[in-house]
Protein chains: 2
Amino acid sequence: MVQLDTIDRAILLELQKESRLSYAEIGARVGLSAAAVHDRVKKLERKGVIEAYRIQVNPKAIGLQVTAFIAVRLQNDATCADVAPTFADFPEVEECHSAAGDIDVLLKARTATPEDLEKLLYRIKRVPGVSRTTSTVVLSTQFEARPLIPVEAE
Amino acid sequence: MVQLDTIDRAILLELQKESRLSYAEIGARVGLSAAAVHDRVKKLERKGVIEAYRIQVNPKAIGLQVTAFIAVRLQNDATCADVAPTFADFPEVEECHSAAGDIDVLLKARTATPEDLEKLLYRIKRVPGVSRTTSTVVLSTQFEARPLIPVEAE
DNA sequence: GTGTCTAGCTGAACCATATTCGGTATTGTA
DNA sequence: TACAATACCGAATATGGTTCAGCTAGACAC
C-alpha cells in the first residue's frame with residue numbers, strides 16, 4: 001500500500017470526480033501551486049495509484065439496456081484463472097471476480113436486450129469448466145462508479 | 001438511445017481506454033481532423049453519452065484490500081429507492097442496484113479490512129427496511145472497468 | 001554550531017493542446 | 001436552382017500542461 005498524505009487523498013478524490021480539472025484549479029482547492037499538484041499526480045501515476053484516465057459512458061445511451069450479475073459455479077477441477085481468459089473474449093462481460101462462498105466466479109455483464117443476455121448465458125455455460133450459472137438482472141441502478149475514499153494512514 | 005456512427009463508436013472506445021489522448025491523436029486513429037473530433041466529443045458530452053471524465057484508482061494502492069458484493073433482501077414494505085439514500089451515506093458502498101430474483105438490492109463495497117466489512121454489514125443490517133444480507137467476498141479480480149462496446153445501429 | 005543532502009514547494013517560461021472561427025463540401029429539401 | 005443544415009477542414013488564439021532554476025525546511029553527519 002502506498003503512503004498517502006491528506007493532500008494526496010484530496011487530489012485523488014477530486015480527480016475521481018472530474019479528471020479534467022486543471023492542476024491550477026486542483027491546487028486552489030488543496031492549497032498548492034499547479035506545479036506541485038502536477039508533481040504529486042505524476043508520482044501517483046508512477047506508483048500505480050492512478051491506473052488510468054477514462055471517460056464514464058452512459059450504458060443506456062450507447063444501447064446497453066440490460067445489466068446483469070452472473071454467478072458462476074465451476075467444476076471442481078477448474079479455477080477462475082482458467083476460465084477468465086475465455087470470459088475476457090466476451091465484450092459484454094465488464095468485470096470478472098473470483099469469489100468465496102456458494103459461488104466461484106462473479107461476472108458483471110451488459111447487453112443490448114434480454115435476448116442478448118440469454119445468448120451470452122448460453123455461451124458462458126458452454127465454456128469448459130463452467131458447471132452452473134445463476135443470473136441476477138438489474139432493474140434499476142441507484143448509483144455506480146462512486147469515488148473510492150482512500151484509507152487514512154495508520 | 002443516441003444514434004452513433006462508426007466513428008463515434010471508435011472515439012468512445014479510445015476515450016474509455018485513455019481519456020487523455022489528444023484530439024489530434026484520436027483524429028489520426030479514426031481518420032478525422034482534431035477540430036472534427038473535438039466537435040464530436042462535445043456533442044457526445046452534450047447528449048449525455050459521455051457522463052464524466054474520471055481517473056481509475058487502484059483500490060489496493062489506497063488501502064482498500066477487500067471487495068465484496070452484498071445481496072440485500074428487503075422487507076415487503078420497503079423499496080430499493082427507500083434504502084438507497086441511506087446506503088449512499090456509506091462511502092464504502094460503490095454501487096447500488098435494484099435487482100430481480102431472490103435478491104432485492106445488490107451492493108458492491110470496498111473496505112480496508114475484513115473487520116471493516118463486518119462493521120459495514122452490521123450498519124447495513126440496521127438500516128430500516130433491510131431484512132437480510134448475503135455477502136460474497138471477492139478473492140481476486142481478473143478484470144474490471146473494461147470499456148463498453150457501443151451497440152451498432154439497427 | 002556548520003555543512004550537506006533531500007523532498008517538496010514556488011513562480012516563470014515554454015510548449016502542446018484545447019478551443020474557436022471562417023470557409024468549404026455534401027446532402028437533403030423546397 | 002436556391003437554400004438550409006451538417007460535418008468537415010486548416011489556421012489562429014487561448015488555455016493549461018510541463019519543465020526549470022531557485023528557495024526552504026528538515027534530517028543527518030561532523
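Here is how names work: the chains are called A, B, and so on, in the same order as the sequence lines, proteins then strands, and each is numbered from 1.
- Remark: C1' of C:dG8 and OH of A:Tyr23 are 17 Å apart, rounded to the nearest angstrom.
- Between the CD1 atom of A:Ile11 and the C1' atom of C:dC9 there is a distance of 13 Å, given to the nearest Å.
- Taking every side-chain heavy atom of A:Ser22 into account, D:dG16 is the closest of C:dT19, D:dG16, C:dA18.
- One atom, CD of B:Glu45, and another, P of C:dA18, lie 12 Å apart when rounded to the nearest Å.
- In this structure, A:Glu14 CD and A:Arg29 CZ are separated by 4.5 Å, a value rounded to the nearest 0.5 Å.
- Of the possible polar contacts, one joining the B:Arg73 side chain to the B:Asp102 backbone as a donor-acceptor pair under 3.5 Å is found.
- A:Arg54 places no side-chain N or O within donor-acceptor distance of the main-chain N or O of B:Leu15, the cut-off being under 3.5 Å.
- Residue B:His38 has no polar side-chain atom (N or O) positioned under 4.0 Å from OP1 or OP2 of C:dA18.
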What one-letter contact string describes nucleotides 5-10 of chain D from 5' to 3', where B marks a base within less than 4.0 Å of any protein heavy atom, S marks contact via sugar-phosphate atoms alone, and - marks no contact? --SSSB
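- Rounded to whole angstrom, the span from the CD atom of B:Glu18 across to the P atom of C:dT17 amounts to 13 Å.
- Counting to the nearest Å, the C1' atom of D:dG17 and the CD atom of B:Glu25 are 17 Å from each other.
- Remark: P of C:dA18 and CZ of A:Arg20 are 7 Å apart, rounded to the nearest angstrom.
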Would you be so kind as to tabulate the donor-acceptor pairs closer than 3.5 Å made by side chains of residues 85-94 of chain B, with sequence neighbours excluded?
from    : atom 1 : to       : atom 2 : distance (Å)
B:Glu92 : OE2    : B:Arg123 : NH2    : 2.8
B:Glu94 : OE1    : B:Arg110 : NE     : 2.7

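- Between the side chain of A:Ser131 and the main chain of A:Leu74, no donor-acceptor pair closer than 3.5 Å is present.
- Separating the CG atom of A:Asp8 from the P atom of C:dA7 is a distance of 15 Å, rounded to the nearest angstrom.
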Please assess B:His97 against A:Phe69 for the test ring-ring contact (aromatic ring centres under 6.0 Å, His included), listing each intermediate value before the final yes or no. CA-CA 10 Å; B:His97 309 271; A:Phe69 289 89; 5.3 Å; yes
